[in-house]
There are 2 protein chains.
Amino acid sequence: MIDTLRNHIVKRLGNDIENLEIVLASFKPIMVKRNEHILRSGEVCKYVYFIAKGCLQVYVHDKDMNDTTRDIVIEDNWCSELISFGSGQAATESIKAVESSELLAIDRRNFQNMMEQVPQFDKVYKQILEASYANSVYRINTFVSLNALERIQWLMEYRPDLMTRLSSKLIASYLGINKDVFSRLKAQL
Amino acid sequence: MIDTLRNHIVKRLGNDIENLEIVLASFKPIMVKRNEHILRSGEVCKYVYFIAKGCLQVYVHDKDMNDTTRDIVIEDNWCSELISFGSGQAATESIKAVESSELLAIDRRNFQNMMEQVPQFDKVYKQILEASYANSVYRINTFVSLNALERIQWLMEYRPDLMTRLSSKLIASYLGINKDVFSRLKAQL
DNA sequence: TTAAAACATCGACTTTTGTCATCGTTTGCT
DNA sequence: AGCAAACGATGACAAAAGTCGATGTTTTAA
């Protein structure tokens with residue numbers, strides 16, 4: 001489990017990282033079951049999670065208690081509610097496990113320590129933030145300019161893995177489409 | 001013009017910044033006329049801009065050459081295509097002036113220098129990035145969960161200034177609504 | 001100042017998307 | 001294994017959003 005994270009870091013920062021093992025030791029392994037929450041909106045997000053295995057859903061409830069999924073994150077990626085994590089304010093989003101997952105969590109104190117002790121780790125945060133930002137920008141532009149059918153086609157082209165891995169309901173909520181509409185449009189392809 | 005930036009920085013980082021004047025001197029003033037581009041998609045974004053006065057539109061073209069506006073940024077804020085600026089890759093978005101504007105531009109080299117010479121300036125970048133990210137997340141969640149009418153109401157509540165300052169066409173494109181639909185719904189409020 | 005262009009609004013119509021109820025299938029749980 | 005719950009597909013209908021053409025208004029630029 002730790003190996004996945006070690007590989008991930010080495011892949012990005014190279015092999016010459018001082019204190020790599022100390023860094024790795026600051027992460028706490030967490031096992032979550034399918035549908036279990038690791039963050040509920042209103043709470044403060046205390047951790048940044050590295051997903052060693054599994055899949056997480058980041059979402060908000062709309063007024064009718066439907067959930068709208070802002071992001072779906074799979075293994076070998078980072079997931080958190082960075083705004084809450086960084087500011088200490090209550091999170092607006094919730095995060096739950098779509099599948100049983102293996103996570104490595106690091107809290108704020110350890111995160112800060114690491115940024116100071118391991119200079120390169122500062123880059124990790126920047127990378128996480130930049131990747132998250134790029135992802136959001138991309139998503140907005142996709143969203144605003146494509147209709148329901150085009151969004152489905154987009155997902156099939158760029159994330160075909162998600163099409164088979166996730167339930168229709170979840171995909172529809174990720175694409176911002178009603179699940180019945182998703183079902184219909186998918187059929188006519 | 002420089003005063004606006006000085007105030008902006010002091011407001012965030014406090015008054016005890018070494019080399020503040022040197023920092024400010026790294027910015028190049030740029031005047032842009034209404035409708036003038038400062039970045040076209042396909043080019044590399046070479047600057048981060050501080051808007052001393054005016055208003056910029058960040059947008060992409062969809063397949064029918066309509067533009068869909070990802071962001072509208074007004075004076076006393078930062079604007080850039082951060083992904084391109086950071087990576088040196090071609091920008092996917094374009095940026096143009098909605099009004100005649102006064103900008104202060106800093107290029108990558110100066111930006112890097114400053115991060116090294118003025119330790120606190122590193123924070124500025126992080127703040128810009130975090131603010132941009134938070135903005136995007138907020139926008140996605142608003143967008144996915146609200147219908148056209150609700151999005152208009154949302155804008156009227158949180159950014160009433162934009163409602164009067166911008167053309168209907170631009171607002172509609174920012175809200176992801178057809179301009180005729182926007183006109184109709186606005187009338188029935 | 002004035003002609004051209006861009007803008008805003010509106011009605012009539014089309015297309016897309018959402019809702020609801022139903023029904024057979026799959027899945028999860030004990 | 002067996003039951004309940006969740007899921008997925010679909011038809012009929014309702015609501016929302018988009019398109020187009022016409023018209024009057026405002027801006028822009030020469």
Side-chain angles (χ1 to χ4, degrees), chain A residues 31-37 54-55 57 59 61-69 72 96-101 142-156 162-189, chain B residues 31-37 54-55 57 59 61-69 72 96-101 142-156 162-189:
Chain A
M31 311 291 286
V32 285
K33 286 200 288 269
R34 184 178 153 73
N35 289 327
E36 193 176 325
H37 278 82
C55 181
Q57 173 195 16
Y59 69 99
H61 294 301
D62 70 11
K63 54 194 180 319
D64 310 323
M65 284 295 285
N66 299 318
D67 41 330
T68 60
T69 302
I72 293 171
K96 76 175 182 188
V98 172
E99 308 166 357
S100 301
S101 304
T142 302
F143 221 103
V144 178
S145 62
L146 304 182
N147 65 23
L149 182 59
E150 291 166 336
R151 297 207 282 267
I152 295 172
Q153 289 168 331
W154 171 85
L155 192 67
M156 285 175 61
L162 296 185
M163 286 292 284
T164 55
R165 182 168 179 172
L166 308 174
S167 73
S168 295
K169 191 182 165 195
L170 182 54
I171 295 175
S173 121
Y174 180 64
L175 294 177
I177 305 172
N178 177 284
K179 70 186 167 52
D180 298 327
V181 174
F182 176 71
S183 184
R184 254 183 287 162
L185 292 175
K186 187 157 52 92
Q188 76 175 47
L189 279 177
Chain B
M31 310 291 286
V32 285
K33 286 200 287 272
R34 185 177 151 72
N35 288 328
E36 194 176 323
H37 278 83
C55 181
Q57 172 193 19
Y59 69 98
H61 294 301
D62 70 10
K63 55 196 178 319
D64 309 324
M65 283 294 286
N66 299 319
D67 42 334
T68 60
T69 302
I72 292 170
K96 76 175 182 189
V98 171
E99 308 165 357
S100 300
S101 304
T142 302
F143 211 89
V144 178
S145 62
L146 303 182
N147 65 23
L149 182 58
E150 292 166 333
R151 297 206 283 267
I152 296 173
Q153 290 168 330
W154 171 85
L155 191 67
M156 286 176 62
L162 296 186
M163 287 292 284
T164 56
R165 182 169 180 171
L166 308 175
S167 74
S168 295
K169 192 181 165 196
L170 182 54
I171 296 175
S173 121
Y174 179 64
L175 294 177
I177 304 172
N178 177 284
K179 70 186 167 50
D180 297 328
V181 174
F182 175 71
S183 185
R184 253 182 288 162
L185 292 175
K186 185 157 52 92
Q188 75 175 49
L189 278 179

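Because the structure is predicted, anything quoted here is derived from the model rather than measured.
For B:Ser167 and C:dC7, the shortest distance from a side-chain N or O to OP1 or OP2 is not below 4.0 Å. Applying the 4.0 Å criterion to OP1 and OP2 of D:dG8, one finds that A:Lys186 has every side-chain N and O outside that range. Contact annotation: A:Ser168 side-chain N/O to D:dC7 OP1/OP2 distance is not under 4.0 Å.
To the nearest 0.5 angstrom, B:Ile72 atom CD1 is 8.0 Å from B:Leu155 atom CG. A:Gln188 CD to A:Ser183 OG: the interatomic distance, rounded to the nearest 0.5 Å, is 11.0 Å. Atom CG of A:Leu149 sits about 12.5 Å away from atom NZ of A:Lys186, to the nearest 0.5 Å. The structure places CG of B:Leu170 at 9.5 Å from CG of B:Leu175, a figure rounded to the nearest 0.5 Å.
Comparing the end axes of the helix from C:dT1-D:dA30 to C:dT30-D:dA1, each fitted to five base pairs by superposing C1' atoms of four pairs onto the next four, gives an inter-axis angle of 70° (nearest 10 degrees).
Mapped onto DNA chain D by nearest heavy atom, B:Asn35 and B:Arg184 fall at different nucleotides, with B:Arg184 at the one closer to the 5' end. If B:Arg34 and B:Arg151 are placed on DNA chain D by their nearest nucleotide, the residue sitting closer to the 5' end is B:Arg151.
Here the P atom of nucleotide D:dA17 and the CG atom of B:Asn178 are 11 Å apart, to the nearest Å. Note: CG (A:Leu146) to C1' (C:dT16) measures 15 Å, nearest angstrom. For B:Gln153 and D:dA16, the CD to P distance is 13 Å, given to the nearest whole Å. The separation between B:Lys179 atom NZ and D:dG21 atom P is 12 Å, rounded to whole Å. When rounded to the nearest whole Å, the span between CG of B:Asp180 and P of C:dT9 equals 10 Å. Atom CG of A:Leu185 and atom P of C:dT19 are 15 Å apart (whole Å). Rounded to whole Å, atom P of C:dT15 lies 15 Å from atom CG of A:Leu149. As a whole-Å value, the separation of A:Lys169 NZ from D:dG8 P is 9 Å.
The 12-atom threshold is not exceeded at NZ of A:Lys169, counting heavy atoms of other residues, nucleotides or ligands nearer than 6.0 Å. Around atom CE of A:Met163, more than 12 heavy atoms belonging to other residues, nucleotides or ligands sit under 6.0 Å away.
A distance-only check finds a donor-acceptor pair linking the side chain of A:Ser101 to the backbone of A:Cys55 [under 3.5 Å].
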